[in-house]
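What follows is one structure encoded as structure tokens, with my remarks underneath.
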There are 2 protein chains.
Amino acid sequence: MKPTVHDIARTAGVSLATVDRVLNDRPGVRAKTRERVTEAMNSLGYVRDVGAANLARGKLYQFDFIFPDNENTFMQSLRAELESAAERSLSERVLINVVLVPAFDEGALVEALNACVNRKPDGVAFVAVDTDPVREACVRLSGQGIHAVTLVSDLGNSTRAHYVGIDNGAAGRTAARLLGLFASGTNGAIAVIAGSLKVHDHQERFDGFAAAMKTDFPQHEILPILEGFDEGARVEKLVSELLAKRSDVVGLYSLGAGNSGLVKALAAHSSINRPLVVAHERDAVTSQALKEGLIHAVLAQDAGHEIRSAIRVLKASADRLAIVPGQEHIRIEIFLKDNLPQLD
Amino acid sequence: MKPTVHDIARTAGVSLATVDRVLNDRPGVRAKTRERVTEAMNSLGYVRDVGAANLARGKLYQFDFIFPDNENTFMQSLRAELESAAERSLSERVLINVVLVPAFDEGALVEALNACVNRKPDGVAFVAVDTDPVREACVRLSGQGIHAVTLVSDLGNSTRAHYVGIDNGAAGRTAARLLGLFASGTNGAIAVIAGSLKVHDHQERFDGFAAAMKTDFPQHEILPILEGFDEGARVEKLVSELLAKRSDVVGLYSLGAGNSGLVKALAAHSSINRPLVVAHERDAVTSQALKEGLIHAVLAQDAGHEIRSAIRVLKASADRLAIVPGQEHIRIEIFLKDNLPQLD
DNA sequence: CTGAAAGCGCTTACAG
DNA sequence: CTGAAAGCGCTTACAG
């Protein structure tokens with residue numbers, strides 16, 4: 001039915017070993033022989049069976065995933081998705097090893113990366129802290145032929161093979177457009193609350209937001225950014241104080257975590273002049289707030305997709321196979337109350 | 001390293017054939033024997049290698065995809081994605097057969113479905129026309145043990161095993177909320193243009209849109225629906241006439257195809273009082289219109305994702321394996337000019 | 001530079 | 001009810 005290596009060997013008049021050599025671009029085949037085999041492959045319309053190839057190689061893929069031990073809901077769901085993906089991957093000969101490191105701790109991350117250099121897995125995925133020591137550790141990895149992939153937060157200007165995550169600048173601009181369009185009848189002030197601007201993705205989101213706001217909706221004043229360090233209680237206090245002080249706030253962009261505090265502050269505020277709100281990450285808190293009308297739009301990235309994508313990309317790197325770009329593009333998702341997935 | 005059937009056979013004191021029987025739940029094993037094998041599997045932490053299993057079965061999966069030969073951009077990209085997926089699938093032992101039928105032609109669809117009953121592929125994916133004859137053809141398929149999956153447009157109350165597509169009612173509600181929030185400062189009229197309300201998904205989108213509009217933004221009058229039959233020229237004419245006649249139109253929801261005509265009509269209209277516009281499907285025309293500010297938001301479904309999902313679901317059905325629900329959920333995507341993918 | 005043989009982990013007739 | 005043997009499509013030492 002479907003031609004196999006045997007068919008090629010027969011029509012090219014060579015052995016299986018030789019077919020395999022040209023199939024995998026290994027040396028030690030005369031140009032002429034190589035040509036005959038290639039010709040046979042083309043004329044028969046050969047397509048290699050990757051499952052059989054992997055089986056024959058008997059290879060077990062080993063991938064390390066290095067995560068910050070952050071307790072925010074997004075990191076939690078990322079870890080949950082990884083665990084269930086790891087279980088499923090076992091039946092496809094990939095073994096996943098999860099390494100937790102203290103959050104925002106550059107030293108710990110470098111150490112974990114170095115540990116990989118010694119254990120030599122086939123690939124590593126990590127949530128980057130964007131500093132030079134991390135960049136150097138990444139270089140050491142690629143030096144050892146270990147494919148590295150950044151997850152959620154990228155490592156700029158580095159040797160990582162791929163970044164699995166959203167474009168945070170674009171996310172910020174998207175938030176600006178949503179708020180700008182939502183608040184088009186007004187010209188009040190816009191507030192922004194972040195976790196910390198020291199975090200790369202938060203900074204990027206803010207930059208994108210501020211730039212788009214200034215360009216396309218200049219009538220709105222952007223208030224000095226508030227830093228809530230992703231903690232609900234702190235966010236609640238900051239937002240409550242702000243709303244009490246400034247009655248002209250028409251829009252609010254929450255670009256970090258700690259949304260439980262945000263929602264509490266909004267609910268406590270007079271429903272007459274609540275601001276229009278765009279927040280990040282879909283979880284139980286933001287979904288509920290969307291339904292109640294406290295938050296008007298949520299920007300999100302799909303943790304499950306990110307995990308599956310990282311594994312596919314790592315596997316493709318190990319096998320030197322191409323990826324399907326459309327499948328690995330992580331979208332900036334926008335949720336209103338109406339397009340939330342049912343089961344939440 | 002990873003335990004295999006041999007390990008189980010040895011520790012349970014049985015042959016490979018017996019291990020295989022309990023592994024695949026086949027009859028002809030004494031309860032006691034079955035128990036011993038199960039125990040061995042658990043104690044060793046056995047996980048079956050699906051690649052090896054498929055190879056041994058030597059099975060070639062055959063799936064039929066039945067598409068309307070519609071020329072709108074969405075159907076085009078659906079077909080393009082299918083072709084590239086089909087090529088890749090070959091290396092995973094799945095053979096895809098594309099069948100084109102005249103659009104909206106229930107008889108042709110039924111005929112194509114019946115042809116499947118004879119050719120007996122392992123599964124069928126089709127864009128449903130929602131009528132009883134189609135439902136009956138679907139019953140015949142399941143009667144033959146052929147797994148059927150609907151794509152893009154569902155077949156209500158039927159024996160299809162799965163629906164790959166978006167919730168069109170929710171899409172309509174999402175459009176209503178976007179327009180309602182965008183136009184919150186005003187109370188003008190809202191226009192809706194569809195392909196044809198005889199098409200199931202268009203009707204669903206309209207129903208969702210009208211319901212959400214009435215409930216949450218009752219200040220806006222909804223004008224009688226316009227039917228452009230997904231043709232650019234017709235849509236252009238209808239929209240031009242409308243905008244000329246009614247200067248109070250603040251919002252427009254285009255829930256079908258033919259957006260090239262929509263964009264022309266908008267561009268020709270005085271830029272002072274252009275309406276806020278939400279349209280469906282991301283393509284070259286709508287992407288460009290987003291960038292130029294003629295369209296403000298685009299609702300979309302990812303054709304590549306839908307095709308890959310259909311294939312995965314069909315394969316899982318054939319193997320009686322579970323799917324990963326989160327991976328198969330087709331999202332209602334929202335695009336603003338800021339979160340468009342780069343390469344368009 | 002090339003080939004014969006064994007093996008990857010599973011399944012499938014077939015025999016008993 | 002159970003097992004021995006061959007085979008799925010590829011790869012890998014090893015020998016020449």
Side-chain angles (χ1 to χ4, degrees), chain A residues 1-38 40-41 44-61 89-95 122 318-321, chain B residues 1-38 40-41 44-61 89-95 122 318-321:
Chain A
M1 185 106 226
K2 235 182 95 189
T4 73
V5 278
H6 291 95
D7 300 313
I8 300 179
R10 200 175 335 107
T11 91
V14 298
S15 73
L16 289 182
T18 297
V19 172
D20 189 68
R21 285 186 192 102
V22 352
L23 210 56
N24 293 290
D25 250 333
R26 273 189 284 266
V29 186
R30 259 194 312 172
K32 280 218 173 156
T33 314
R34 186 177 295 274
E35 216 171 281
R36 258 190 307 154
V37 174
T38 313
M41 278 169 42
L44 294 183
Y46 175 74
V47 181
R48 160 222 240 111
D49 182 322
V50 290
N54 281 337
L55 175 58
R57 284 197 194 102
K59 176 175 177 110
L60 244 191
Y61 300 84
S89 302
L90 227 49
S91 68
E92 275 149 24
R93 333 193 100 247
V94 350
L95 215 75
D122 301 285
D319 290 339
R320 293 152 199 280
L321 256 37
Chain B
M1 187 105 223
K2 236 182 93 188
T4 72
V5 278
H6 291 95
D7 301 312
I8 299 179
R10 198 174 337 106
T11 91
V14 299
S15 73
L16 288 182
T18 298
V19 171
D20 188 69
R21 286 186 191 100
V22 351
L23 210 57
N24 292 291
D25 250 332
R26 274 189 283 264
V29 186
R30 259 194 312 172
K32 281 219 171 155
T33 315
R34 186 177 294 274
E35 216 171 280
R36 258 189 308 153
V37 174
T38 314
M41 279 170 40
L44 294 183
Y46 175 75
V47 181
R48 163 223 240 108
D49 182 322
V50 291
N54 282 337
L55 175 58
R57 285 197 194 102
K59 174 173 179 114
L60 245 190
Y61 299 84
S89 301
L90 228 48
S91 68
E92 274 148 25
R93 332 193 102 248
V94 351
L95 215 76
D122 300 286
D319 291 338
R320 292 152 200 282
L321 254 38

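Side chains included, hydrogens not; waters and symmetry mates left out as well; all remaining heavy atoms used. Below, read A as the first sequence line, B as the second, and so on, with proteins coming before strands; counting in each chain starts at 1. The model shown is predicted, which means the values in this text are computed figures rather than measured ones.
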Without swapping roles, check the side chain of [X] against the backbone of [Y] for a donor-acceptor pair under 3.5 Å.
X	Y	result
A/N54	A/G51	no
A/D20	A/L16	no
A/R21	A/R26	no

Query - A/T38 OG1 to A/L23 CG distance, which is reported to the nearest 0.5 Å - result: 9.5 Å
How many whole angstroms separate atom [atom1] of [X] from atom [atom2] of [N]?
X	N	atom1	atom2	answer
B/R10	D/dG3	CZ	C1'	16 Å
A/D20	C/dG7	CG	P	17 Å
A/H6	C/dA6	NE2	C1'	12 Å
B/L90	D/dC10	CG	P	12 Å
A/D7	D/dG9	CG	P	8 Å
B/M41	C/dC10	CE	C1'	13 Å
B/K32	D/dC1	NZ	P	14 Å
A/K59	D/dG9	NZ	P	24 Å

Nearest-nucleotide pick for [X], side chain only, options being [options]:
X	options	answer
B/L23	C/dT11, D/dT11, D/dT2	C/dT11
A/N24	D/dT11, C/dT11, C/dA4	D/dT11
A/R26	D/dG9, D/dT12, C/dC8	D/dT12
B/A52	D/dC10, C/dG9, C/dT2	C/dG9
A/D49	D/dA13, C/dC10, D/dG9	D/dG9
B/A53	D/dT12, C/dT11, D/dC10	C/dT11
A/A56	C/dG7, D/dG3, C/dG9	C/dG7

**Report entry** B/R30 and B/T18: CA distance, side-chain angles, deciding distance, side chain to side chain contact (heavy atoms under 4.5 Å, CB included) verdict
**Finding:** CA-CA 10 Å; B/R30 259 194 312 172; B/T18 298; over 6 Å; no
Report task. Could you check which nucleotide pairs with C/dA13 in any of the strands shown, counting Watson-Crick or G-U wobble with both distances under 3.5 Å? Result -> none
Query raised in the report: In Watson-Crick or G-U wobble terms, both distances under 3.5 Å, what is the partner of C/dA4?
Result: none
Query raised in the report: If you look at every strand shown and take non-hydrogen atoms under 4.0 Å, does A/V14 touch a base, only sugar-phosphate, or nothing?
Result: sugar-phosphate
Report task. Would you mind classifying the nucleic acid contact of B/G28 as base, sugar-phosphate or nothing, using non-hydrogen atoms under 4.0 angstrom? Result -> base
If the cut-off is 4.0 Å, is [X] near the phosphate of [N], judged by side-chain N/O to OP1 or OP2?
X	N	value
B/R48	C/dG9	no
A/T18	C/dG3	yes
B/T4	C/dG9	no

Report task. Would you state whether a donor and an acceptor, one from the side chain of B/R57 and one from the base of D/dG7, lie under 3.5 Å apart? Result -> no
Report task. Report the C-alpha separation of B/K2 and B/D49 in whole Å, then their side-chain angles, then the decisive distance to 0.1 Å, and conclude whether the salt bridge (charged side-chain N to carboxylate O under 4.0 Å, His left out) test is met. Result -> CA-CA 10 Å; B/K2 236 182 93 188; B/D49 182 322; 5.0 Å; no
Query raised in the report: If each of B/L55 and B/R21 is mapped to the nucleotide of DNA chain C with the nearest heavy atom, which maps nearer the 5' terminus, i.e. the 5' end?
Result: B/L55
Query raised in the report: Starting at the 5' end of DNA chain D and moving along, which residue's nearest nucleotide shows up first, A/K2 or B/S15?
Result: B/S15
Query raised in the report: Taking the nucleotide of DNA chain D with the closest heavy atom to each, which residue, B/R93 or B/V29, is nearer the 5' end?
Result: B/V29
